[in-house]
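A, B, ... follow the sequence lines: proteins, then strands. Residue 1 opens every chain.
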There are 2 protein chains.
Amino acid sequence: MAVTIKEVAKAAGVAPSTVSRVIADHPRISPATKKKVKKAMKEMGYHPNANARNLANRSTQSLGVVMPSSADKALQNPFFPEVLRGISAVAHELDYSMLLCTGETDDEMLEAVKRMVYSNRTDGIILLYSQVNDPIMHFLLEQNFPFVIVGKPAERVDEITHVDNDNVRAGKEITHHLIELGHERIAFIGGSEDRIVTIDRMRGYELALEEAGLPYLEDYRIHTEFLKSGGRQAVHELFSLPKPPTGIVIADDLMSIGVVNMLEEFGKRVPEEVSIVSFNNVYLSEITRPPLTTVDIHIHGLGSQAAKCLIEKIKNKEEPAKRIIVPFDIKYRSSTKEIKTKQEG
Amino acid sequence: MAVTIKEVAKAAGVAPSTVSRVIADHPRISPATKKKVKKAMKEMGYHPNANARNLANRSTQSLGVVMPSSADKALQNPFFPEVLRGISAVAHELDYSMLLCTGETDDEMLEAVKRMVYSNRTDGIILLYSQVNDPIMHFLLEQNFPFVIVGKPAERVDEITHVDNDNVRAGKEITHHLIELGHERIAFIGGSEDRIVTIDRMRGYELALEEAGLPYLEDYRIHTEFLKSGGRQAVHELFSLPKPPTGIVIADDLMSIGVVNMLEEFGKRVPEEVSIVSFNNVYLSEITRPPLTTVDIHIHGLGSQAAKCLIEKIKNKEEPAKRIIVPFDIKYRSSTKEIKTKQEG
DNA sequence: TTATATCATGTATAGGCTTACATAATTTTT
DNA sequence: AAAAATTATGTAAGCCTATACATGATATAA
């Protein structure tokens, strides 16, 4: 059994409460006893017991982090380790620990979150995704439990603290880049339409087309989970169109890699024949072939800001809902190319 | 304040200890009172407080998971989300939660681990990496704190429970595959030589060469962190050799992608001019171009086995050290090609 | 110098749960 | 039918820390 506050107290010849106060750096402890107690703590190898402490404090000093359910392969997205790092950076600094929550199915996830909340294992929760009609979010809302979202809430946007990029603008700007290069037939490939991030990025894509006076074709929009075969089929159809696109806006770097692969299969080369842009700027996008022109969304920043907001909210339940927009910038690399021959008006 | 055991007891007309026993499903509680108490719990929305419980039990019901320090980009490896899923699967099942531990520097990591251990935040630790002379491992050993390694310990192999693939054999077999295809000039590219996984895979590579009577050249071995520029330089040198390799064994799928990219830059095509094999079989390796022939190490299994072992060890301190070898299999895809023209004797 | 404010520390309780031990009720044994 | 064993539940003492309140010692004010 580890050494307790009592034993330290006895050794230092003071009361347990005094030791506790020394730990908390209470101002009304004389320098002399402070020193004496600290010495005893060192000598005896004392370390406070987090459980006891948290019980007394009615807190846990830990942040729950909820990943999307891992039904799909999306979880292998390097986005996640990177946000985790961001969260970890400030959590560590402010002396919080991170409780991770994954699960195979949505039900399993919800159950896991409920357990975390009910059993008081965490002081607050970060949702690493945002989707339409999310039961977990509803639960948290209903319980009035502190949480923040990385991404934009599907509803009650003004009541829920969230950390996001301006994905609409990012979508618009990156699409605009393609337009500037002379592209007029631009497709959009994104994941599930339930994910807010997909919706926003697509919205930006639409706006850019509109602004440029380019037609907006239903056939140019693909939503797929990208589990290989499904995605292949979709891309195949896209390029079987009478007027196939010359540029594609893809909602995620990881998908881009799959798309490049499929295009190659169909004999289309990137960027010579098709230009591609995407989002996230994971490390991968730099080392893949071709290196991707992509929106750097500052994943690490998303994570660290989310952690910061959540901790503020935990410390002060009255903290108003906030919206933090992490700026993005575009990394211009080699997956796009100017288009010379204007494709008929 | 949440409802406590006492309140439930009062409502059900029993003693708090009875309620506690109902929760623990104690056999000596009559079905009648069990039912009565459960009803009260439901009605009042009672949920046990994890902190109080853990304090009384001197346990935490949580597993600490230590990722490598994120100094390098290696953390963006999809390997990690995938092991986490594996760990999570059994942790969840056995009602443990996962405490994540990352850090920028090695010192920060060590400090974080010390805090976890000293403050009793976790019952045991899973190390997601293994390297030579790891201060964290030494600390854990010295404290006699339950931990398991995903990978092979650098020392005291028989005293430390670990879950690993037979990386030497995997290295040998995958290299052998290249040899079977007629390759005789085979290089090896791996990450840091401090990582045991690199060492083992390279050892397998060497064994395969030896067995086939192929020469083993110093110049054919590259170790790099693969932070782009460094890797590029190395690959450049490799292919400036008088006799450049026709096949490469690469220690990790993620690196493979970088290598393919660089080769392309140097005008070498995969697999037409250079064959490539690697390890891990992350989702990416399937969708990249070309799809990689790679060793499927069953990442999920590594994680789940590790969690299982750790929990066993937590429950029984006397549990002997174990070594679990998760089987691997090779996914044959399109990054290798038979070599026709025997390159001079 | 005495009353009062300030400071340094101690006492005791709370936080929510588990569990060894005690006790009352029931069943089994002889 | 009394003694013994078993069963069902209660009592109370932890687990370790934080903190409101109490107390004694100094310093300040009147």
Side-chain angles (χ1 to χ4, degrees), chain A residues 1-41 44-62 95 115-123 315, chain B residues 1-38 40-41 44-62 95 115 117-123 315:
Chain A
M1 191 85 312
V3 19
T4 74
I5 226 173
K6 264 190 199 163
E7 309 176 53
V8 174
K10 187 171 294 177
V14 299
S17 57
T18 302
V19 177
S20 174
R21 290 191 183 104
V22 170
I23 295 169
D25 202 28
H26 189 110
R28 280 237 238 295
I29 294 287
S30 73
T33 46
K34 206 172 265 188
K35 198 162 160 188
K36 188 172 58 180
V37 170
K38 278 187 176 166
K39 187 171 161 236
M41 296 197 311
M44 310 179 69
Y46 170 78
H47 294 276
N49 176 312
N51 259 325
R53 197 167 208 187
N54 293 338
L55 179 58
N57 283 328
R58 283 160 221 78
S59 90
T60 67
Q61 288 295 114
S62 85
D95 218 46
R115 277 219 312 249
M116 274 176 84
V117 171
Y118 284 143
S119 66
N120 256 282
R121 273 183 185 284
T122 183
D123 293 341
K315 290 195 173 155
Chain B
M1 194 85 311
V3 20
T4 75
I5 225 173
K6 265 191 199 164
E7 309 176 53
V8 174
K10 187 170 293 175
V14 298
S17 56
T18 303
V19 178
S20 173
R21 290 190 184 103
V22 171
I23 296 169
D25 201 28
H26 189 110
R28 280 236 237 297
I29 293 288
S30 73
T33 46
K34 206 173 266 189
K35 196 162 161 188
K36 187 172 57 180
V37 170
K38 278 187 176 167
M41 296 197 312
M44 310 178 70
Y46 170 78
H47 294 274
N49 177 311
N51 259 324
R53 192 166 214 192
N54 294 337
L55 178 59
N57 283 329
R58 283 161 220 79
S59 90
T60 67
Q61 289 293 113
S62 85
D95 217 45
R115 278 218 312 248
V117 171
Y118 284 142
S119 66
N120 255 282
R121 273 183 185 284
T122 183
D123 293 342
K315 291 197 172 154

Exercise. Has A/S30 got a side-chain N or O lying under 4.0 Å from the OP1 or OP2 atom of C/dT9?
Worked result: yes
Exercise. Is the distance from OP1 or OP2 of D/dA18 to the nearest side-chain N or O of A/S20 less than 4.0 Å?
Worked result: yes
Exercise. Phosphate oxygens OP1/OP2 of D/dC16: is one of them under 4.0 Å from a side-chain N or O of A/T4?
Worked result: no
For this session: Using a 4.0 Å heavy-atom cut-off across all strands, classify A/I29 as base, sugar-phosphate, or nothing.
Result: sugar-phosphate
Seminar exercise, completed: Nearest-nucleotide check on DNA chain D, B/L55 vs B/V14; residue mapping nearer the 5' end is B/V14
For this session: Treat primed atoms plus P, OP1 and OP2 as sugar-phosphate and everything else as base, then score nucleotides 21-29 of chain C 5' to 3': B for base contact with protein heavy atoms under 4.0 Å, S for sugar-phosphate contact only, - for none.
Result: B--------
Seminar exercise, completed: Separation of D/dC15 atom P from A/I5 atom CD1, nearest Å, is 14 Å
Exercise. Which part of the nucleic acid, if any, lies within contact of A/R53, taking any heavy atom under 4.0 Å across all strands shown: a base, the sugar-phosphate backbone alone, or nothing?
Worked result: sugar-phosphate
Exercise. Just checking A/P48: base, sugar-phosphate only, or nothing, at a heavy-atom cut-off of under 4.0 Å?
Worked result: sugar-phosphate
For this session: Using side chain to side chain contact (heavy atoms under 4.5 Å, CB included) as the criterion, point out the one residue from B/M44, B/M41, B/H47 that pairs with B/V3.
Result: B/M44
For this session: Report which part of the nucleic acid A/S17 touches: base, sugar-phosphate, or nothing (heavy-atom distance under 4.0 Å, all strands).
Result: base
Exercise. How close or far is atom P of D/dA12 from atom NZ of B/K6, stated in whole angstroms?
Worked result: 13 Å
For this session: Look at the side-chain N and O atoms of B/T33 and state whether any lies under 4.0 Å from the OP1 or OP2 oxygen of D/dT9.
Result: yes
Exercise. Which is true for B/V19 with a 4.0 Å heavy-atom rule: it touches a base, it touches only sugar-phosphate, or it touches nothing?
Worked result: nothing
